[in-house]
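What follows is a single structure, written as structure tokens, with notes after it.
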Amino acid sequence: MKRAIRVLHLFDSTIGWDQRLALEQLLDRLPAERCAQHLVSLGPWKGEVARIDAPVTVVPRRFHLDFLVAPHLRRLMELRNINVVHAWGEHAVNAALTTDQAGASVVASVFDPAVVDQHSRMFRVGGGAARAAAICATEIVRRRALERGLSPDGAVLVRPGVNFATINHARKSDLRARLGLVPEAVMLLTAQPASRAGGHFSAFWATAVRSFLEPGVRVVIPGCGREAARLGRLARAVPNGDVLILPGEVYRYEELVAVADGLLMPGATDSSVTAIAWAMAAGVPVVATATPATAELLSHNHNAFLIKPAAPRPLAMRFADAIGRRNGRNKLTETARGQAYEVFSLGRYIGQVQRVYENLVADRPPATGLEDPAVVA
């Protein structure tokens, strides 16, 4: 009988909801007889990492310098005889690659194209790992990693997994009522967290404009930060500002997607598209700008409404029009849901990550035996 692969998950407070969720899925679904998993957190226990309900060793980042973590991390790896360090978050990747791993492999999960530059630079200059791989959530992430110096063998495409049981459970809950929504309200949702680049202003403005025709429409912008606070001030200063709901970090994002009536993605630049995967699976209509990242999963009038990027206010007007479209919406969501069943299987995600671990430990190319289930729409 083969010995279990010993995996150390190293993460920090910069991780997003999609990384936290993927980590939780691995903790829950990876077979214990095949993978022994240990958790180490760098720095403060806050944000998405605080939701992880499992025994965790906390290692402080002294003076906010990642390389100072290396001695402590090295001792933990030796004590637990670690085979693979799976890094989640910018500081975790940096710390893992600046540690003398004594033959252990390093894996980094990358969901957002915006962080590819930092991660690929770390892999090029880290040099300490005997074997290293980036698990890329989309082809656009993988392509950018290759453009920035990662080897083709080192960039592996593994699409995220959606738990349909989580979607069904959220729909049976009173989450919408806790958000202050009446039963007939139309709940729109944006990506988390709010940012200027993410187009959250356009999402708010589009909803406010649409509310003149549909008084019950509301937009939920989850998460905390400067942009969320700015939008809150703006909402208090304009008519129809009550369309904005700012729940902060109280609720899990994947549950918010499940109970939404629409997902708005008006960002002008590429970002993580895990929210789109969950919306497709939940049958939630998606309205998004046609960036390379969204176009990898979505096709206009086939499984979503896509809009060309524009300045914030013109874009908001186009989104306001799209929010009100009813013709053909059911066909779009049915198509999207069928694709999600094929592409975002949770079992496939778990199996493919486990295969990456096994390939690295066996000194095989990380992508050996992996196939992309996506079909271009």
Side-chain angles (χ1 to χ4, degrees), residues 4-41 47-56 84-89 92-93 107-112 133-138 141 156-171 173 191-192 222 249 251-258 272-282 297 337 339-360 366 369-374:
I5 297 173
R6 293 168 296 280
V7 180
L8 188 149
H9 293 288
L10 183 66
F11 52 92
D12 60 65
S13 59
T14 69
I15 66 171
W17 74 272
D18 43 9
Q19 292 174 297
R20 181 266 306 161
L21 178 61
L23 174 54
E24 289 178 325
Q25 291 171 341
L26 292 173
L27 292 173
D28 183 53
R29 297 297 184 97
L30 276 175
E33 67 275 10
R34 300 295 297 275
C35 293
Q37 302 179 83
H38 306 275
L39 302 181
V40 175
S41 174
E48 289 293 330
V49 301
R51 299 186 186 277
I52 299 173
D53 184 18
V56 177
V84 177
V85 178
H86 195 152
W88 308 79
V93 173
V107 173
S109 282
V110 188
F111 289 79
D112 189 346
I135 296 180
C136 306
T138 60
V141 170
V156 183
L157 176 61
V158 177
R159 297 192 183 275
V162 173
N163 190 333
F164 289 88
T166 298
I167 293 173
N168 294 332
H169 182 269
R171 284 175 169 168
S173 72
Q192 178 181 322
E249 298 177 342
Y251 307 108
R252 288 174 173 261
Y253 186 83
E254 61 271 23
E255 296 175 350
L256 292 173
V257 177
S272 171
V273 294
T274 310
I276 292 176
W278 277 76
M280 292 172 66
L297 301 180
R337 186 186 290 112
Q339 291 173 327
Y341 272 107
E342 294 293 328
V343 178
F344 304 114
S345 161
L346 179 55
R348 185 193 298 270
Y349 172 73
I350 299 299
Q352 289 190 334
V353 173
Q354 181 179 329
R355 176 62 65 89
V356 172
Y357 293 163
E358 292 170 347
N359 287 340
L360 288 169
L370 301 186
E371 294 181 355
D372 180 14

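The model shown is predicted, which means the values in this text are computed figures rather than measured ones.
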Inset, instruction - Find the distance between CG (Asp28) and CG (Asp53) and round it off to the nearest 0.5 Å. - result: 11.0 Å

Inset, instruction - Kindly write out the residues that satisfy ring-ring contact (aromatic ring centres under 6.0 Å, His included) with Phe111, not counting sequence neighbours, or none if the list is empty. - result: none

Inset, instruction - List in chain and number order the residues that pass side-chain hydrogen bond (donor to acceptor under 3.5 Å, both in side chains) with Gln19, two or more places apart in sequence or in another chain; answer none if no residue qualifies. - result: none

Legend entry - Nearest atoms (heavy-atom pairs only) where Pro366 meets Asn359: O-ND2, 2.9 Å

Legend entry - Any side-chain heavy-atom pair of Arg29 and Asn163 under 4.5 Å: yes

Inset, instruction - First locate atom CZ of Arg252, then atom CD of Glu24, and finally report the distance between them rounded to the nearest 0.5 Å. - result: 4.5 Å

Inset, instruction - Indicate the atoms forming the closest heavy-atom contact of Thr138 with Leu157, along with that distance. - result: C-CD1, 3.3 Å

Inset, instruction - Could you tell me whether Arg159 and Glu342 make a salt bridge, using a distance below 4.0 angstrom between a side-chain N and a carboxylate O? - result: no

Legend entry - Ala32 to Ala4 - nearest heavy-atom pair and separation: O-CB, 4.2 Å

Legend entry - Tyr251 backbone acceptor or donor facing Arg51 side chain under 3.5 Å: yes

Inset, instruction - For Phe164, enumerate each residue passing the ring-ring contact (aromatic ring centres under 6.0 Å, His included) test, keeping only those at least two apart in sequence or located in another chain. - result: Tyr341

Legend entry - By side-chain contact (heavy atoms from CB on, under 4.5 Å) - contacts of Ala258 (at least two apart): Ile167, Ala170

Legend entry - Which atom of Ser272 lies closest to which atom of Asp18, heavy atoms considered: OG-OD2, 2.6 Å

Legend entry - Distance-minimising heavy-atom pair for Ala275 and Val257: O-CG1, 4.3 Å

Legend entry - Residue pair Val56 / Val49, side-chain heavy-atom distance below 4.5 Å: no

Validation: residues 349-356 side-chain donor-acceptor distances under 3.5 Å, sequence neighbours left out:
unit_1: Gln352; atom_1: NE2; unit_2: Glu371; atom_2: O; d: 2.9
unit_1: Gln354; atom_1: NE2; unit_2: Glu358; atom_2: OE2; d: 3.1

Inset, instruction - Give me the one residue out of Ile135, Val156, Val7, Val85 that meets side chain to side chain contact (heavy atoms under 4.5 Å, CB included) with Val107. - result: Ile135

Legend entry - Heavy-atom check, side chain of Ser173 versus side chain of Glu255, under 4.5 Å: no

Legend entry - Spatial distance of atom CD1 (Ile52) from atom CG (Leu39) [nearest 0.5 Å]: 6.5 Å

Legend entry - Flag side-chain contact, heavy atom, 4.5 Å: Trp278 against Leu21: yes

Inset, instruction - Would you check if Met280 and Val162 make a side-chain contact, meaning some heavy-atom pair closer than 4.5 Å? - result: no

Legend entry - His86 NE2 to Leu26 CG distance, which is reported to the nearest 0.5 Å: 6.5 Å

Would you be so kind as to tabulate the donor-acceptor pairs closer than 3.5 Å made by side chains of residues 8-17, with sequence neighbours excluded?
unit_1: His9; atom_1: ND1; unit_2: Trp88; atom_2: NE1; d: 3.2
unit_1: His9; atom_1: NE2; unit_2: Gln37; atom_2: OE1; d: 2.8
unit_1: Asp12; atom_1: OD1; unit_2: Thr14; atom_2: N; d: 2.7
unit_1: Asp12; atom_1: OD1; unit_2: Thr14; atom_2: OG1; d: 2.3
unit_1: Asp12; atom_1: OD2; unit_2: His91; atom_2: N; d: 3.0
unit_1: Asp12; atom_1: OD2; unit_2: Ala92; atom_2: N; d: 2.8
unit_1: Thr14; atom_1: OG1; unit_2: Glu90; atom_2: N; d: 3.4

